[in-house]
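First the structure, in the form of C-alpha cells, and then the observations on it.
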Amino acid sequence: MLKTQDSRIREATQEDIFDILVLAREFSREAPKSHKWDKDKTEQFVLSAIQNTNMGVFVIDVDGELQGALIGLLSEFYMSHIIQATEVAWFVSKEFRGKVSSIKLVKHFEKWAKVNGASYVGMGDIESISSLGSLYTRLGYNKAETIYLKEI
C-alpha cells in the first residue's frame, strides 16, 4: 500500500529558516535579475518576518519537509485606514505548484489576514516564473495594479 503524503499549513518557526532559504534559492534561479539571491539578506529577512507581529510566515509541511512558504505583511493603505495584507514572498517547489497544498497556503494567509483586521489581500505575480493571473481570478482576486521595473 502506498503511503499518502501528509501536508499541512502552519506558521513557520526559526527552525524552518534553513528550509525556507532552500526554497528561496530555488525560486531565485527562476526569477528575474531584480530578485538576485543573497543568502545572508534573505536569512535576515525571514528571521525578522518570523519575529514581526505585523508579518506572517506560513509553510507547507509535507511529512516534515517544507515544500512552500508564504510571507505576508499587514499595513494600512497610505491614504486611508484600510488594512491590507500583502504577499511579500511566495516560494513553492516546482513539483508542488498548482497543487492543492499551494492553494491551501494562500487560503491560510487569507484567514490570517482577516483575523488580523485586513480588508484586502494583495498577491504578486512575477512574469518570468509562471502566470498566476488565472489562479488568482479563480480564487476571487481582481487585478488592481501592475508594477514595471527598469534597471538603471
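Worth knowing before you read on, the calculation uses all heavy atoms, side chains too, and leaves out hydrogens, waters and symmetry mates.
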For the residue pair I9 and S101, what are the closest heavy atoms and their distance? CD1-O, 3.7 Å

Can you tell me how far the OG1 atom of T42 sits from the CG atom of L21, to the nearest 0.5 Å? 6.5 Å

Might you point out which heavy atoms bring M123 and V106 nearest each other, and give the distance in Å? CE-CG2, 4.0 Å

Contact summary for L73 and M55, nearest pair of heavy atoms: CD1-CG, 3.6 Å

Interatomic distance, CG@L66 vs CG@D61, rounded to 0.5 Å, equals 5.5 Å

When rounded to the nearest 0.5 angstrom, what distance separates CD1 in I17 from CD in Q44? 11.0 Å

Taking E95's backbone N and O only, do any of them form a donor-acceptor pair with Q67's side chain (distance below 3.5 Å, no angle check)? no

Give the ring-plane orientation class for Y120 versus F77, where under 30° counts as parallel, over 60° as perpendicular and anything between as tilted. perpendicular

Determine, using the 4.5 Å side-chain heavy-atom cutoff (strictly less than), whether W112 and L139 are members of one ILVMFWY cluster. yes

Side-chain heavy-atom pair L105, F96 within 4.5 angstrom cut-off: no

Rounding to 0.5 Å, atoms CZ (F58) and NZ (K107) come to a distance of 15.0 Å

Check whether Y141 and I103 end up in the same hydrophobic cluster, where Ile, Leu, Val, Met, Phe, Trp and Tyr are linked by side-chain heavy atoms less than 4.5 Å apart. yes

Does some side-chain heavy atom of V59 sit less than 4.5 Å from a side-chain heavy atom of R10? yes

OG1/T86 to CD1/I71 distance, rounded to the nearest 0.5 angstrom? 13.5 Å

Side chains of D16 and T13, heavy atoms from C-beta outward: is any pair under 4.5 Å? yes

What about V88 and F27, same hydrophobic cluster or not, with Ile/Leu/Val/Met/Phe/Trp/Tyr joined at side-chain heavy-atom distances under 4.5 Å? yes

Tell me whether W90 shares a hydrophobic cluster with L74, the cluster being built from Ile, Leu, Val, Met, Phe, Trp, Tyr side chains joined at under 4.5 Å. yes

Where do A85 and A113 come nearest, in terms of heavy atoms and distance? CB-CB, 3.4 Å

Please say yes or no: joined through hydrophobic side-chain contacts below 4.5 Å, possibly via intermediate residues, are W37 and L47 part of one cluster? yes

When rounded to the nearest 0.5 angstrom, what is the spacing between OG in S75 and CD in Q84? 6.5 Å

Nearest non-hydrogen partners of E87 and F109, listed with the distance: N-CZ, 3.9 Å

For S93 against L23, the heavy-atom pair lying closest together: OG-CD2, 3.2 Å

Main-chain N/O of S102 paired with R97 side-chain donor or acceptor, under 3.5 Å: no

